Amino acid sequence: MRRRVAAIPGTPLPYGLLGGCTTIIDVEDEHELLGVDWISLSCKHAYPTDWCPTDEAGTPLPPPGPKTFERPDSETAGPVTIYSGAVCSAPGFSFAEAEQHARAGLSQGEGRALEEWVWQNVLAPQAVDRTPPAGPVSISQGVAILEGWLATDYGGVGVIHVPAGAAALLGRFHQLQPQGSRLRTWLGNCVVLGAGYAVNTGPDGVPAPDGQAWLYASGPVVVRRGPVDVVPGTAPPSVNIRNNDRMVLAERTFVPSTTCVVEAVLVDLCLCCP
């Protein structure tokens, strides 16, 4: 007779959106889970000036014109609830077991589901397509293009968002450096390798052709998250009296946000074009 043993536990991928590149805030005010608004802080440019300009001979020149003043932007982020459900025949499936399965499913899968939602609802709709007119570039060139625009349009440390399937190519061409719980480019930008980014759609919402991938660059990423809620909270209402199945959900609400800029580039996933 076979023996029943403990299940094999899962481990979420380490460099996803809920990894070291993201500031995660476990909210105390539940109103933040309805969505948040803020005034951008670091999205504007700085400019050089010279109080006493002179020509090559040292002759004073007219003073520079008026200085540039820029109004801050208003930014916003909306919520998304990620869930995992467990169902089995009630006589052999206790409420505690159902809750355990639902919680485990959420723990393993919430990062991937959140990444897919962020890609489709935050990154793609906001992105400026920086793909050259000639078409897709190599993955190394794609990272270079995004970092160049990120430096120009933002000027600070940002985040490069990459479908997990392209991770091996980034490693092959030495684009990444491990730094504790993070991966960074040589310029210092943090890299998220998202399983949910496999949705691989461009700014126009159309999936990339086979053999190609979209990469995105953004400002810093902050994710607010609520506690895990188990629904229903007690055993009796978890049983469907029509078929005697027990059904339990574990769910959590997130408010993912980024700031200032989002850029995109289409790359070829090939070994011959570093």
Side-chain angles (χ1 to χ4, degrees), residues 8-24 82 107-124 127 129-132 135-151 157-203 206-223 254 256 258 261-274:
I8 301 172
T11 302
L13 290 171
Y15 300 120
L17 189 63
L18 295 177
C21 287
T22 300
T23 299
I24 298 175
I82 308 297
S107 175
Q108 181 73 13
E110 64 183 359
R112 178 173 56 190
L114 181 63
E115 288 157 4
E116 182 174 340
W117 190 88
V118 166
W119 185 281
Q120 294 179 310
N121 295 276
V122 178
L123 297 176
D129 187 355
R130 300 300 187 183
T131 306
V137 296
S138 72
I139 196 164
S140 298
Q141 291 173 313
V143 171
I145 289 170
L146 289 180
E147 291 199 300
W149 280 106
L150 192 59
V157 175
V159 179
I160 309 295
H161 304 262
V162 182
L169 284 177
L170 288 173
R172 172 182 170 84
F173 297 120
H174 309 290
Q175 298 296 305
L176 306 179
Q177 302 179 84
Q179 189 181 90
S181 62
R182 303 175 179 88
L183 293 172
R184 291 196 183 275
T185 67
W186 290 97
L187 189 59
N189 291 304
C190 213
V191 178
V192 171
L193 301 173
Y197 291 169
V199 65
N200 201 15
T201 49
V206 177
D210 290 343
Q212 298 179 350
W214 284 99
L215 310 185
Y216 287 90
S218 74
V221 176
V222 174
V223 172
F254 297 84
T258 188
V261 296
V262 181
E263 321 276 359
V265 66
L266 185 62
V267 302
D268 279 316
L269 301 177
C270 58
L271 294 177
C272 57
C273 47

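This is a predicted model, so every value here is computed, not measured.
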Can you give me the closest heavy-atom contact between [X] and [Y], atom names plus distance?
X      : Y      : value
Pro203 : Ala264 : CG-CB, 3.8 Å
Pro163 : Ala213 : CG-CB, 4.4 Å
Val262 : Ser218 : CG2-CB, 4.2 Å
Glu110 : Phe254 : OE1-CZ, 3.5 Å
Phe173 : Ser140 : CB-OG, 3.6 Å

- prompt: Within the side chain of Asn200, is there an N or O that forms a donor-acceptor pair under 3.5 Å with the backbone of Asp210?
  reply: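 No.
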- prompt: Has the side chain of Trp117 got a donor or acceptor atom that lies under 3.5 Å from a matching backbone atom of Gly196?
  reply: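 Flag not set: sc Trp117 to bb Gly196 has no pair under 3.5 Å.
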Contact between [X] and [Y] at the side-chain level, heavy atoms closer than 4.5 Å - yes or no?
X      : Y      : answer
Pro178 : Leu183 : yes
Val223 : Pro256 : yes
Pro132 : Val137 : yes
Val267 : Pro136 : no

message: Is there a side-chain contact (heavy atoms from CB on, under 4.5 Å) between Leu170 and Val143? Walk through the geometry before answering.
response: CA-CA 9 Å; Leu170 288 173; Val143 171; 3.9 Å; yes
field: Over 12 non-hydrogen atoms of neighbours within 6.0 angstrom of CZ in Arg184
entry: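 Result for CZ/Arg184: enclosed.
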Kindly compute the distance separating [atom1] ([X]) from [atom2] ([Y]), expressed to the nearest 0.5 Å.
X      : Y      : atom1 : atom2 : value
Leu187 : Gln177 : CG    : CD    : 10.5 Å
Ile82  : Glu115 : CD1   : CD    : 10.0 Å
Leu150 : Thr185 : CG    : OG1   : 9.0 Å
Asn189 : Leu146 : CG    : CG    : 9.5 Å
Glu263 : Ile160 : CD    : CD1   : 9.5 Å
Leu17  : Glu116 : CG    : CD    : 12.5 Å

- request: Identify which one of Ile24, Leu13, Val192 satisfies the side-chain contact (heavy atoms from CB on, under 4.5 Å) criterion when paired with Leu18.
  value: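 So, applying the side-chain contact (heavy atoms from CB on, under 4.5 Å) to Leu18 and each of Ile24, Leu13, Val192, only Ile24 qualifies.
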field: Trp214: which of Leu123, Thr131, Val199 passes side-chain contact (heavy atoms from CB on, under 4.5 Å)
entry: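 That would be Thr131; it is the only one of Leu123, Thr131, Val199 passing the side-chain contact (heavy atoms from CB on, under 4.5 Å) with Trp214.
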task: Kindly determine whether Ile139 and Leu215 satisfy side-chain contact (heavy atoms from CB on, under 4.5 Å), including the steps that lead there.
output: CA-CA 9 Å; Ile139 196 164; Leu215 310 185; 4.2 Å; yes
message: Tell me whether the rings of Trp119 and Tyr197 are parallel (<30°), tilted (30 to 60°) or perpendicular (>60°).
response: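 Trp119 and Tyr197: tilted rings.
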- prompt: Given the rule in the side-chain contact (heavy atoms from CB on, under 4.5 Å) test, do Val221 and Cys21 qualify, once you have shown the distances and angles that lead to the verdict?
  reply: CA-CA 8 Å; Val221 176; Cys21 287; over 6 Å; no
- request: Evaluate the side-chain contact (heavy atoms from CB on, under 4.5 Å) criterion for residues Val191 and Tyr15: first the C-alpha distance (whole Å), next the side-chain angles of each, then the deciding distance (0.1 Å), finally the verdict.
  value: CA-CA 8 Å; Val191 178; Tyr15 300 120; over 6 Å; no
